[in-house]
Amino acid sequence: MDTLILSRIQFGANISFHILFPTITIALGWVLLFFKLRFNATGDTKWMDAYRFWVKVFALSFAMGVVSGITMSFQFGTNWPGFMETVGNIAGPLLAYEVLTAFFLEAVFLGIMLFGFSRVPGWLHTLSTFLVAFGTTMSAFWILVLNSWMHTPVGFEMRDGVAFATDWWAIIFNPSMPYRLAHMLLASGLTVAFLVAGLSAFRWLVGDRSGGVRATMKTGLYLGALLIPLQIFMGDMHGLNTLEHQPQKVAAMEGNWETRSNVPLLLFAIPDEEARENRHEIGIPNLASIILKHKAEGVVPGLNEFVTEEGEVMHPPVAPVFWSFRIMVGTGMAMLLLSWFGAVMMLRRKRGVEGLPKPLLWVLVPMSFSGWVATLAGWYTTEIGRQPWLVQGVLTTEMAVADVPAPFVGTTLTAYLLIYVLLLTAYISVLFYLARKAVDGDLPKPRAPLSGQSITHQVAAE
Amino acid sequence: MELFGDPAQWLPLVFAGLMGLSILIYVVLDGFDLGVGVLFPFATDAEKDNMVASIGPFWDANETWLVLAIGLLLVAFPAAHGAILTALYLPVAIMLIGLILRGVAFEFRVKAPTPHKKSWDLAFWIGSLMTALSQGYMLGIYIMGLENTLWTFVFAGVTAVFLTVGYSFIGACWLILKTENDLQKKAVEWAKGGIWGLVLGLGAISIASPLVSPRIFDKWFSFPEFLLLLPLPLMSGALVVLIWLGLRALPTKDDSWAWFPFVAAIALFILAFFGLAYSFYPYVVPEKLTIYEAASAPESLFIILVGTCFVLPMILGYTALAYTVFRGKATELRYD
Ligand code: HDD
Ligand code: HEM
Ligand code: HEM
């Protein structure tokens with residue numbers, strides 16, 4: 001394998017590993033703030049129990065996010081020097097603003113949020129929790145501005161092969177940014193919703209009946225049920241926007257080879273790039289045309305449009321885009337089904353968590369990480385769908401790669417992969433370990449008479 | 001922006017200054033927490049918890065200065081950024097893996113099942129060591145003009161060891177400030193050992209860099225520069241003597257002066273840093289690319305500068321707040 005393909009795999013591996021953790025911290029920060037504010041308002045210790053458990057998950061995820069993020073910031077230089085040399089004038093300030101306005105904010109206040117509870121006044125602790133949540137959201141904002149600009153670049157001019165900014169407003173609010181940001185923030189919310197619901201289901205199944213686990217179970221399921229319709233709507237808008245700016249990507253997502261009307265929505269197919277056709281198609285007639293053009297006769301662009309006269313293929317590889325898109329949407333549908341079913345069961349005769357049937361709880365446990373699956377699948381759709389471009393129409397991936405010897409990249413790639421497998425295993429098992437420990441009463445079951453208040457609440461909740 | 005003269009002249013200089021500042025802050029701040037990690041195997045299990053507690057609330061923000069430094073290199077000097085990082089490809093990867101290991105070990109050692117704690121402690125130590133060694137190695141190769149020969153390799157090996165010892169020195173000084181009793185006594189001993197590494201390392205760099213580069217030789221050993229620069233080595237020497245005397249008197253009964261070694265160590269790092277910066281100016285890639293040649297478009301730099309002027313004071317402000325909140329001796333880390 002050559003340096004290019006190895007570097008691509010390495011970049012894909014590193015960013016995939018990184019994104020897992022911000023996806024959690026972005027929304028979990030807000031969920032923690034919610035727990036804290038509920039506690040402040042009600043004085044009910046179940047909210048503090050919820051906070052104490054999830055703040056541990058937050059701390060762990062944050063550390064994973066930080067260290068993998070540091071790797072990301074070196075990647076541009078070590079593997080993609082052409083990227084900065086060509087579009088550095090635009091990417092640079094955006095990355096700098098991310099560090100200045102987001103990273104320091106979250107890193108500094110994280111210390112106070114985690115360890116400052118008994119050292120600072122209550123309001124300052126709540127404020128720190130807010131600032132950390134706000135900081136993670138700001139990082140998502142800046143990095144997605146940059147990423148969206150790479151998909152729909154505007155507001156610049158090329159001089160001697162280097163991009164110069166002409167309109168910062170246009171760069172920041174580039175055409176795909178609002179959709180991508182909203183879709184990603186919702187993805188983060190859903191990831192956390194299902195993680196919270198899944199781990200709570202696990203605790204419930206191993207016998208935890210505390211007020212804390214009830215509170216988090218409800219928070220998780222209701223949050224999921226609330227966000228998933230929004231996400232599906234946002235995803236649709238996002239797709240329409242992509243159709244306008246990157247039709248070749250949508251063609252690959254739909255597995256549509258010829259520009260034509262009455263395009264079916266394919267549920268299954270094996271795209272064959274050699275023969276330039278699909279095998280074993282199963283589809284719903286006209287539906288893709290209806291979704292994308294809002295009428296059955298709507299004409300949808302096909303992949304064959306994006307092959308030059310000389311036969312050079314200027315569209316992304318079809319199968320990975322086609323499949324990752326289906327994995328994302330499929331996961332989204334599963335989320336819709338489960339969270340609504342759960343919400344209905346809890347609301348029915350106001351039975352709360354007791355109303356949830358056992359099989360649902362058992363399904364929710366493996367769904368804990370469904371958000372990760374959908375998020376990664378979504379990013380693969382987006383990023384692979386942009387190939388062969390790195391910056392759409394401006395810079396190809398091939399032009400940006402460093403000329404580092406392939407064995408070097410091979411070595412580092414292997415090392416990263418090993419570490420990632422190790423850390424993911426450790427991370428997931430520690431989450432379940434913490435959940436089990438919480439059941440066994442690591443969380444301050446009323447320590448002494450002093451917290452008599454919490455005993456009454458506990459009794460009331462049983 | 002024409003207000004201050006030609007921006008293509010002063011902007012690169014300002015950004016080189018900002019980058020230098022964040023490298024310096026990084027080396028001091030992450031230096032002490034890396035150093036604490038390097039010292040890990042010399043401590044008992046209870047002391048390890050205490051050592052981690054002393055850096056727990058700070059390490060993340062400390063590492064953010066590295067992200068800022070590399071970010072500034074990337075945004076302000078894109079051409080140099082590619083050249084330096086591809087030349088240092090492998091040591092950078094080792095450093096990153098080291099940072100990953102130690103960063104997560106922090107969390108895992110207290111959250112994973114108790115029997116795993118020892119393994120995570122080991123990961124914490126190995127990660128800190130890998131990071132410190134590879135940073136020292138990169139410093140050496142950089143001083144040698146990013147050349148890869150047998151000699152530069154040997155020299156970089158030497159700087160790798162000495163920077164690691166230097167970090168453990170400042171780490172020990174931090175522990176003197178943040179801990180009490182036995183651990184504090186131990187830290188004094190560690191610092192006494194570490195200071196020799198620092199002296200030898202600074203000596204090696206001061207001798208080698210003028211020998212490698214005639215340009216650096218001329219910058220230091222011509223008249224009147226030599227006289228103007230003389231205070232730098234003299235002050236460093238004086239600081240070393242003071243630190244040594246201080247360490248002999250520590251720990252004092254009422255814990256007065258516990259702050260002194262740490263503050264003096266910072267001063268020493270600052271002096272060394274200025275020496276290096278003076279040697280290399282105006283180059284960002286030694287002998288190959290000056291900051292003026294490597295700089296990005298003035299418009300882009302200006303946009304960042306405006307933001308920096310607002311945000312940097314705020315960052316410094318809340319960093320100070322964090323150090324105030326967690327002032328005094330380190331106590332057990334708890335989320336409540
Ligand atoms: C929990 C995660 C999650 C879920 C349930 C969904 N998505 Fe998604 N999707 C993402 C997480 C995500 C993502 C990871 O956040 C992406 C990658 C880039 C982006 O902005 O969002 C994404 C990208 C993405 C794109 C590619 C946009 C581009 O061209 O760059 C489209 C068209 C959709 N989504 C559409 C949908 C639809 C129709 C869904 C209906 C079920 C859906 N997504 C559910
Ligand atoms: C966070 C979620 C992201 C994921 C999972 C992701 C994933 C990927 C993948 C799989 C590739 C390889 C595409 C291919 O080789 O066919 C890629 C390419 C790339 N992406 Fe992303 N990406 C993400 C976000 C970003 C962001 C935010 C940026 C920039 C700021 C970015 C910049 C790049 C670059 C520079 C490449 C070039 C390497 C390549 O084409 O292989 N990505 N990404
Ligand atoms: C090429 C792309 C990327 C680079 C260079 C990058 C870089 C970094 C760095 C250096 C950190 C650590 C900050 C610290 O020291 O506190 C970090 C954390 C973070 N990143 Fe990324 N990142 C990238 C992609 C993304 C993407 C795609 C997202 C989200 C959509 C994201 C969201 C975050 C968030 C929220 C954090 C802070 C919270 C946490 O660490 O868990 N990043 N990133």
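Here the structure is a predicted model, which means the values were calculated and not measured. A, B, ... follow the sequence lines: proteins, then strands. Residue 1 opens every chain.
Interface remark: Ile84(B) contributes no atoms to any contact with chain A (heavy atom separation under 4.5 Å). Residue contact with chain B, scored on non-hydrogen atoms closer than 4.5 Å, involves the side chain of Leu110(A) exclusively. In this structure, the portions of Leu105(A) lying under 4.5 Å from any heavy atom of chain B include both its backbone and its side chain. Val409(A) touches chain B through backbone and side chain together, each having a heavy atom under 4.5 Å away. For Leu66(B), the part lying near chain A is the side chain, with the backbone staying farther off; criterion is any non-hydrogen pair under 4.5 Å. Only the side chain of Ile70(B) comes within contact range of chain A, with heavy atoms under 4.5 Å apart. Using a 4.5 Å cut-off between heavy atoms, Met314(B) does not touch chain A at all. Interface remark: Ile315(B) contributes side-chain atoms only to the contact with chain A (heavy atom separation under 4.5 Å). Residue contact with chain B, scored on non-hydrogen atoms closer than 4.5 Å, involves the backbone and the side chain of Phe74(A) alike. With a 4.5 Å cut-off on non-hydrogen atoms, Ile112(A) touches chain B through its backbone and its side chain both. For Phe109(A), the part lying near chain B is the side chain, with the backbone staying farther off; criterion is any non-hydrogen pair under 4.5 Å. With a 4.5 angstrom heavy-atom cutoff, Phe408(A) touches chain B via backbone and side-chain atoms both. Proximity to chain B is limited to the side chain of Thr412(A), based on heavy atoms less than 4.5 angstrom apart. Contacts of Gln75(A) with chain B are absent, with no heavy-atom separation under 4.5 Å from either backbone or side chain.
Using a 4.5 Å cut-off on side-chain heavy atoms (C-beta onward), Asn79(A) and Tyr89(B) make contact. Inter-residue side-chain proximity for Met64(A) and Phe108(B) is flagged as met; some heavy-atom pair is nearer than 4.5 Å.
The environment of Tyr433(A) atom OH is dense: over 12 non-hydrogen atoms of other residues, nucleotides or ligands sit within 6.0 angstrom. Within a 6.0 Å sphere centred on CZ of Phe134(A), other residues, nucleotides and ligands contribute 12 heavy atoms or fewer.
The two residues Lys56(A) and Lys111(B) have their closest heavy-atom pair at O-CE, 3.5 Å. Of all the heavy atoms in Ser73(A) and Val67(B), the pair that sits closest is OG-CG1, 4.2 Å. For Ile100(B) against Val67(A), the heavy-atom pair with the smallest separation is CA-CB, 3.6 Å. Taking both residues in full, the closest heavy atoms of Leu74(B) and Phe76(A) are given as CD1-CB, 3.9 Å, listed atom of the first, atom of the second, then distance. Across all non-hydrogen atoms, the minimal contact from Gly103(B) to Ala63(A) is O-CB, 3.9 Å.
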List the steps, then state whether side-chain contact (heavy atoms from CB on, under 4.5 Å) holds for Leu68(B) with Phe104(A). CA-CA 9 Å; Leu68(B) 181 63; Phe104(A) 276 108; 3.9 Å; yes
Working note: Leu101(B) + Ile419(A), criterion side-chain contact (heavy atoms from CB on, under 4.5 Å); need CA distance, chi angles, decisive distance, verdict. CA-CA 8 Å; Leu101(B) 276 181; Ile419(A) 297 256; 4.2 Å; yes
Does the side-chain contact (heavy atoms from CB on, under 4.5 Å) test come out yes or no for Glu63(B) and Phe103(A), once each step is laid out? CA-CA 10 Å; Glu63(B) 282 182 6; Phe103(A) 289 165; over 6 Å; no
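One finds the CD1 atom of Ile303(B) at 11.0 Å from the CG atom of Asn89(A) (value rounded to the nearest 0.5 Å). If you take CG on Leu95(A) and CG on Leu72(B), they are separated by 11.0 Å, rounding to the nearest 0.5 Å. Remark: Met84(A) CE to Leu73(B) CG distance equals 10.0 Å, nearest 0.5 Å. In this structure, Leu99(B) CG and Ser68(A) OG are separated by 11.5 Å, a value rounded to the nearest 0.5 Å. The structure places OH of Tyr416(A) at 4.5 Å from CG of Leu96(B), a figure rounded to the nearest 0.5 Å.
Highest contact tally toward chain A, considering only Leu90(B), Ile97(B), Ile94(B), Val311(B), is held by Leu90(B) [criterion: heavy-atom pairs under 4.5 Å]. The choice from Pro93(A), Ser128(A), Gly88(A), Pro81(A) that makes the most heavy-atom pairs within less than 4.5 Å of chain B is Pro93(A). Counting heavy-atom pairs closer than 4.5 Å to chain B, the top residue among Leu94(A), Val99(A), Val108(A) is Val108(A). Your options are Ala91(A), Ala165(A), Gly111(A), and the one with the most heavy-atom pairs under 4.5 Å with chain B is Gly111(A).
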